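Note sheet for the following structure.
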Amino acid sequence: MTPHKTRIERWLPGVTQRWRVLKAGDKRWVAIWVMIYVMIISLDMFLPHMEMQAVVVKYLGIFLCVVYAASKFKRDTRLIFALLLTLLADALLMLMGALVLGLFVFCFVQFFHTMRLTKIDSRFIVTYGLAVFVVFAAGLLLGMKALYVLAVIYAAGLLFNLRLAWQWRKKEPDSIRASCCWWGFLLFVLCDICVGLWYLGTIGEVSPPVMSIAGVLVFMFYYPSQVLISNSSNLTEV
């Protein structure tokens, strides 16, 4: 028996057991997530002319992540607020095309995730806001584009949260929420790599085929990342 097969045999019973302990309400949510994900992929890959319909489905999917977290983890206000800010940032990006403002809000999305994963004092948000302002102003003075400065700040926050998620999963390898956090932020990173490639394609720095593939992959990574993150509360009592 190969080591690979042994690992699979150890993994499958755990998945089966976790599925069995899901409540009926959780299973309904899983069905909703799968249905929305299939609709997103279908619209992006096979019906690209239905762009507005795809945006509505995508935004609905992110909105339902907020609804789920608010109903499942009522006491985890930091997770809920991070998802609410995500919803706002997506509205700015997807519905209004406000790239700079949307990315600015996403910087604070990552900060709220950092706060909940480290449990630092909420008052630290003032310090973070000042740090963002200083770095942003310094970048502009150095001649960088506003979008690129915010992208650096955002990427730093996202990668830091990925590291925090990995540390949590390493500390609690049997925790479903820790695994959701780790895989959620990993998919978040992959999504943003695709966003970056797509944007570079719009300004002619990346070939059209790469841009097209990246554009399709964005929500293939992003939507499951938000579903997983909405399941990643680290409060013992929720």
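Note that the coordinates shown come from a computational prediction; the quantities given were computed from them, not determined experimentally. The basis for the numbers below is simple: all heavy atoms, side chains too, and nothing from hydrogens, waters or symmetry mates.
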When rounded to the nearest 0.5 angstrom, what is the spacing between [atom1] in [X] and [atom2] in [Y]?
{"X": "Leu187", "Y": "Trp182", "atom1": "CG", "atom2": "CH2", "answer": "10.0 Å"}
{"X": "Leu79", "Y": "Leu84", "atom1": "CG", "atom2": "CG", "answer": "9.5 Å"}
{"X": "Asp76", "Y": "Phe81", "atom1": "CG", "atom2": "CZ", "answer": "13.5 Å"}
{"X": "Ser230", "Y": "Trp29", "atom1": "OG", "atom2": "CH2", "answer": "8.5 Å"}
{"X": "Leu43", "Y": "Met39", "atom1": "CG", "atom2": "CE", "answer": "6.0 Å"}
{"X": "Tyr222", "Y": "Leu217", "atom1": "OH", "atom2": "CG", "answer": "16.0 Å"}

Could you check, using the six-membered ring where one of them is a Trp, whether Trp33 and Tyr68 have ring centers closer than 6.0 angstrom? yes

Distance flag, aromatic centroids of Phe133 and Phe136, threshold under 6.0 Å: no

Would you call Lys58-Asp90 a salt bridge at under 4.0 Å N-O? no

For the pair [X] (side chain) and [Y] (backbone), establish whether a donor and an acceptor sit closer than 3.5 Å, ignoring hydrogens and angles.
{"X": "Asn161", "Y": "Gln110", "result": "yes"}
{"X": "Asn234", "Y": "Arg116", "result": "yes"}
{"X": "Lys72", "Y": "Ala69", "result": "no"}
{"X": "Asp192", "Y": "Val195", "result": "no"}
{"X": "Arg177", "Y": "Leu235", "result": "yes"}
{"X": "Tyr59", "Y": "Leu87", "result": "yes"}
{"X": "Arg78", "Y": "Met115", "result": "yes"}
{"X": "Ser175", "Y": "Glu172", "result": "no"}

Same cluster (ILVMFWY, side-chain, under 4.5 Å), [X] and [Y]:
{"X": "Phe104", "Y": "Leu141", "value": "no"}
{"X": "Met211", "Y": "Met45", "value": "yes"}
{"X": "Leu142", "Y": "Tyr154", "value": "no"}
{"X": "Val134", "Y": "Ile153", "value": "no"}
{"X": "Val216", "Y": "Val38", "value": "yes"}

Pick one: which of Phe185, Phe188, Trp168, Phe106 meets ring pair (Phe, Tyr, Trp, His ring centres under 6.0 Å) with His113? Phe185

Has Tyr199 got more than 12 heavy atoms of other residues, nucleotides or ligands less than 6.0 Å from its OH? yes

With a 4.5 Å heavy-atom cut-off, do Val227 and Cys65 have their side chains touching? yes

